Amino acid sequence: MPRERPEVFHLRSHRLGASRRWSSGTRAAVRRDLSDSVVVITGASSGIGRAAAYAFAREGSRLVLAARAPDALRTVVEEVERMGAAAIAIPTDVRDEAAVRALARGAVERFGSLDVWVNCAGVIAYGRFEQVPGEVFRAVIETNLFGQVHGARAALERFRAQRSGVLINLASVWGRVTTPDVSAYVTSKFAVRAFSECLRHELRDIPDIDVATILPQAVDTPIFAHAANYSGRAVRPVPPMVDPQEVARGIVRCARTPTREVNYKRAGRALELLHSLAPGLYGRILPAAFEAGNYGRRPMAPTAGQVLAPEPGDRAVDGGWRRRGRRELARALVDALKGAARGIRRG
């Protein structure tokens, strides 16, 4: 069965309530050679960031890998070096702007240039807004939004000096649609998408500097296991889920031939269209479906997860849900559909 290609589109109509026209395309037709390019990846110890490190290593890029967990970073460096790529690890908390600037300096000092910057670091917190402690809510915003702002500041300084470069920001389908119980995450991803668009406007006169935004639906990564959770119930993602390796391949494609926005996949696009074209119906269906499907039956004590600080231990690309959690995912989907039906009846 052929692999489904990600749907690529960007918003052309900004008028509230207007029908949206979607189109594909890039600002620059230049196809970049990634072999020997210097690529910085934040959040490289697990999930999409780690998958992106492997994907760029296969292209022959030189890698500068950042995350909060030094041991996990060293493991990734060893793995990509065995693939034949040159790589260094620079442990970095992206909430610290000075540390992110030091990350950029370290890349240039080691490899002499900086060609691609990928903002992958991200965390999530579950629970009603009032239940999530202020410091946890703030840490989600600081990591997901200001981490990318700090990365952009550091990268664009180098890109402007050399008049070229690609900045790739990770948003989410939750950068276009809303849902309950993850308000900090949704807020941060909406802001990332808007921030990226503003940067494109400011860089319009420098054709060889590009900003790409990736907006996937649920991706099977360890983010769910590492989440803060104040809901009282165990979290489970609602399928369909995207393979993180597929998102990583899309990041490499954006580095090679930059695209404004890349959406994964049809389920995410369907939610966006429903949110835009029928907001009343969306408001009845989605919150009920999310609350019914996104939580398992097992109770869970409040936890900050790895939002405030990393925990020891190895990391992985894959969250394992599609492999070992199929039965639970099936329950999540059935419960979500039942929740959606209840939402429609109440409407």
Side-chain angles (χ1 to χ4, degrees), residues 41-50 66-73 90-103 119-154 169-175 177-196 218-219 221-237 287 290-291 294-296 298-316 319:
I41 304 172
T42 68
S45 63
S46 68
I48 296 170
R50 189 164 184 160
R68 296 177 297 175
D71 291 342
L73 271 184
I90 302 181
T92 307
D93 187 336
V94 296
R95 295 177 294 178
D96 183 343
E97 184 174 1
V100 177
R101 288 189 176 276
L103 171 63
N119 279 316
C120 274
V123 294
I124 192 169
Y126 287 86
R128 289 287 195 259
F129 168 69
E130 301 98 319
Q131 295 172 329
V132 176
E135 62 175 348
V136 173
F137 191 101
R138 185 179 302 109
V140 173
I141 300 294
E142 289 178 347
T143 302
N144 297 359
L145 173 58
F146 280 95
Q148 301 204 36
V149 169
H150 298 157
R153 285 191 187 279
N169 291 332
L170 262 291
S172 166
V173 66
W174 278 335
V177 304
T178 54
T179 196
D181 289 16
V182 284
S183 57
Y185 189 87
V186 171
T187 299
S188 70
K189 294 304 184 178
F190 261 79
V192 165
R193 181 174 173 268
F195 172 62
S196 302
V219 183
T221 72
I223 192 170
F224 304 100
H226 298 167
N229 189 350
Y230 298 89
S231 70
R233 294 171 290 171
V235 171
R236 61 185 183 189
F290 179 84
E291 290 180 344
N294 199 70
Y295 298 111
R298 179 169 56 88
M300 186 167 183
T303 175
Q306 297 196 29
V307 169
L308 300 178
E311 297 174 351
D314 196 12
R315 304 295 190 271

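Quick caveat, the model's predicted, so the values are computed rather than measured. Reckoned from all heavy atoms, side chains included, excluding hydrogens, waters and symmetry mates.
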What's the spacing between [X] [atom1] and [Y] [atom2] if we round to 0.5 Å?
X      : Y      : atom1 : atom2 : result
Leu145 : Arg193 : CG    : CZ    : 14.5 Å
Ser188 : Glu142 : OG    : CD    : 11.5 Å
Arg315 : Asp71  : CZ    : CG    : 9.0 Å
Arg95  : His150 : CZ    : NE2   : 11.0 Å
Phe137 : Gln131 : CZ    : CD    : 13.5 Å
Tyr230 : Thr303 : OH    : OG1   : 6.5 Å

May I ask you to test the [X]-[Y] pair for a side-chain heavy-atom distance under 4.5 Å?
X      : Y      : value
Thr92  : Arg68  : no
Ile48  : Leu170 : yes
Lys189 : Asn144 : yes
Leu103 : Thr42  : yes
Pro222 : Gln306 : no

Closest approach of [X] and [Y], non-hydrogen atoms and distance?
X      : Y      : answer
Asn229 : Ser231 : OD1-OG, 2.7 Å
Pro180 : Pro287 : CD-CA, 3.7 Å
Gly127 : Val132 : O-CG2, 3.8 Å
Val123 : Ala139 : CG2-O, 4.3 Å
Arg50  : Ser45  : NH1-O, 3.1 Å
Gly296 : Arg233 : O-CB, 3.9 Å

Working for side-chain contact (heavy atoms from CB on, under 4.5 Å), residues Val186 and Thr179: CA-CA 8 Å; Val186 171; Thr179 196; 4.1 Å; yes

Verdict with reasoning, Asn294 to Val235, per side-chain contact (heavy atoms from CB on, under 4.5 Å): CA-CA 6 Å; Asn294 199 70; Val235 171; 3.9 Å; yes

Other residues, nucleotides, ligands: >12 heavy atoms within 6.0 Å of Phe190 CZ: yes

Ring centres under 6.0 angstrom apart (Tyr126, Tyr185): no

